[in-house]
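See below for the structure under consideration.
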Amino acid sequence: MLLSCSLQALAFYILSALFFDSFVIIFVVTVLLAALDFWVVKNVSGRILVGLRWWNEINDMGESVWKFECLDHESMARMNKKDSWLFWWTLYLSAVAWIVLGIFSLIRFQADYLLVVGVCLTLSIANIIGFTKCQKDAKKQIQQFASQTIASRFTSTLQSAFSVV
């Protein structure tokens, strides 16, 4: 699912020049496919493949607040490494593909198509930033859980040792 959504937007953008003369159709369909890709990756694929989900809220003070969600530690440990690998590589390669297409638009002096690439690249980069921050937050939570577990076992061992004396 993840791979197909990314490829749909890229393939339509690349192949659309063969079938359509209208920039508006190319813009609308490509941006809709990229938005669908953004939503699917952010809310479905990220949760299924790497156990992560993120979103951004505006609090009462008008400040932007990042929210991160990850599966519990046992579920994260059971995640398939190949799925995780596929997720991260697809996330980064789709952004690289949009950058390459942007360079081609610059070389051909097509500023209007550069707008399409800019929107799609912005959505890709937003997912990269969101999932990178989410992964760092998840690692921090795992480290805190591990240190709390070690500390509680150490104190219980000390308590049991002194209760014998």
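The ring pair (Phe, Tyr, Trp, His ring centres under 6.0 Å) check on Phe20 picks up Phe12, with sequence neighbours excluded. For the side-chain contact (heavy atoms from CB on, under 4.5 Å) test, residues two or more places apart in sequence or in another chain that qualify with Leu93 are Trp89. Under the side-chain contact (heavy atoms from CB on, under 4.5 Å) criterion, Asn59 pairs with Met61, Glu63, Val65, sequence neighbours left out.
For the pair Val116/Phe23, a side-chain contact is recorded, criterion being any heavy-atom separation below 4.5 Å from C-beta on. When side chains are defined from C-beta on, Ile103 counts as touching Ile107, because their heavy atoms get closer than 4.5 Å. You'll find the side chain of Thr132 reaches within 4.5 Å of the side chain of Trp88, heavy atoms only. Within the 4.5 Å cutoff, the side chain of Leu91 has heavy atoms near those of the Phe87 side chain.
We find the CD1-OH distance between Ile26 and Tyr113 to be 3.5 Å, quoted to the nearest 0.5 Å. Taken from CG in Leu101 to CZ in Phe104, the straight-line distance is 7.5 Å, to the nearest 0.5 Å. Between the CD1 atom in Ile99 and the CG atom in Leu121 there is a gap of 5.0 Å [rounded to 0.5 Å]. Distance check: Leu123 CG to Lys42 NZ gives 11.5 Å after rounding to the nearest 0.5 Å. Here the OH-CG distance, from Tyr92 to Asn127, works out to 11.0 Å after rounding to the nearest 0.5 Å. Rounded to the nearest 0.5 angstrom, Ile125 CD1 and Cys120 SG are separated by 11.5 Å.
In plain terms, the two heavy atoms of Trp98 and Ala9 that are nearest each other are CH2-O, 3.9 Å. Smallest separation of non-hydrogen atoms from Gly102 and Leu114: O-CD1, 3.5 Å.
Side-chain heavy atoms closer than 4.5 Å link hydrophobic residues (I, L, V, M, F, W, Y) into clusters, and following such links, even through other members, never connects Leu115 to Leu106. Following chains of ILVMFWY side-chain contacts shorter than 4.5 Å, one cannot reach Phe109 starting from Val117, and the two form parts of different hydrophobic clusters.
With Val29 as the fixed residue, the side-chain contact (heavy atoms from CB on, under 4.5 Å) test singles out one of Val31, Leu32, Ile25: Ile25.
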